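Being a predicted model, the structure only gives us computed values, none of them experimental.
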Amino acid sequence: MAFPSYLFLNFSDGVHRISAQCVLRVLIITEDMLGSSVTVRLQNMSQEHFLSPLLSNFLEGVSAVLSVPVEDVFIFNIQPDLDAAPGSILNVSFSAALPGGHFFPSEALEEQLYLNRPRLTSLTQMEVLPFDDNVCLREPCQNYMKCISVLRFNSSAPFISSPSILFRPIHPIAGLRCRCPVGFTGDYCETEINLCYSNPCLNGGVCARREGGYTCICREDYTGE
């Protein structure tokens, strides 16, 4: 399933004060893009000021840090942080494409942006704050597996305007997924799989379950895993 986000760019000729060019960009937001996205936090930033004149700075800064073309960075939401003081923090959600139609995994995006945060701050002329991942702080994943925060589609939001841009964001909701080890499954890795079900032991070996896997008890005259 895909969801549309609309970005209107309207540039005017500053000398003659007439409309010189109007560009309409329609971006289809897919679940794959949402699942491979991150949200950065910008200090002392409003939606209008971000759109004009700092949007191009942000796109070019992210492009340089990730070594991808500017047109492969897709912003789909800019929203004030509701848990912070009004006007103090702006959340910007985006994904970045890789060659072949794939996207940077959210973990790789977060790592690259975090390691290059001083450079990103310098390039964008914005104060980029550390990531604030509240979804995974309560450690919902069992069996010591890593919790990964993801975004899912919620609803389209009203248009946001600046002197040169009209932008329609979507408002995603924060979720999570658990990366399970071999032998566990479920939304939170809570279910242990019986790996002996497929009879993996050869030559009459007896399969014995153990946590996260199995072991084979060999017959006489046989050895090996």
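- For the pair Val62/Val68, no side-chain contact is recorded, criterion being any heavy-atom separation below 4.5 Å from C-beta on.
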Side-chain donor-acceptor distances from residues 115-124 under 3.5 Å, at least two apart:
from   : atom 1 : to     : atom 2 : distance (Å)
Asn116 : ND2    : Gln112 : O      : 2.8
Arg117 : NH1    : Val128 : O      : 2.8
Thr121 : OG1    : Arg117 : O      : 3.0
Thr121 : OG1    : Val128 : N      : 3.4
Thr124 : OG1    : Leu120 : O      : 2.7
Thr124 : OG1    : Met126 : N      : 3.3

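- The shortest side-chain heavy-atom distance between Val65 and Leu113 falls under the 4.5 Å cut-off.
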- Message: If you apply the rule disulfide bond (SG atoms under 2.5 Å apart), what do you find for Cys218 with Cys201, and how did you get there?
- Response: CA-CA 8 Å; Cys218 298; Cys201 300; over 6 Å; no

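- Every residue was checked against the side-chain hydrogen bond (donor to acceptor under 3.5 Å, both in side chains) condition with Asp72, not counting sequence neighbours, and none meets it.
- Residues forming a disulfide bond (SG atoms under 2.5 Å apart) with Cys207 (at least two apart in sequence, or on another chain): Cys196.
- At distances below 3.5 Å, at least one donor-acceptor pair connects side-chain atoms of Ser88 with backbone N or O atoms of Ala85.
- For Glu127 (side chain) and Asn44 (main-chain N/O), no donor-acceptor pair under 3.5 Å exists by modelled atom type.
- Between Ser52 and Ser164 the shortest side-chain heavy-atom distance falls below 4.5 Å.
- The backbone N or O of Ile89 lies less than 3.5 Å from no partner atom in the side chain of Arg41, so there is not a single donor-acceptor pair.
- Between Leu54 and Met45, some side-chain heavy-atom pair lies under the 4.5 Å cut-off.
- Side-chain contact check for Val38 versus Tyr114: every heavy-atom pair is 4.5 Å or farther apart.
- Side-chain contact between Phe159 and Phe167 is absent, with no heavy atoms from C-beta onward closer than 4.5 Å.
- Using modelled atom types, no side-chain atom of Ser93 and backbone atom of Phe76 make a donor-acceptor pair closer than 3.5 Å.
- Inspection of the Ser95 and Ser37 side chains reveals no N or O donor paired with an N or O acceptor under 3.5 Å.
- Atoms CG and CZ, on Leu59 and Phe74 in that order, are 10.5 Å from each other to the nearest 0.5 Å.
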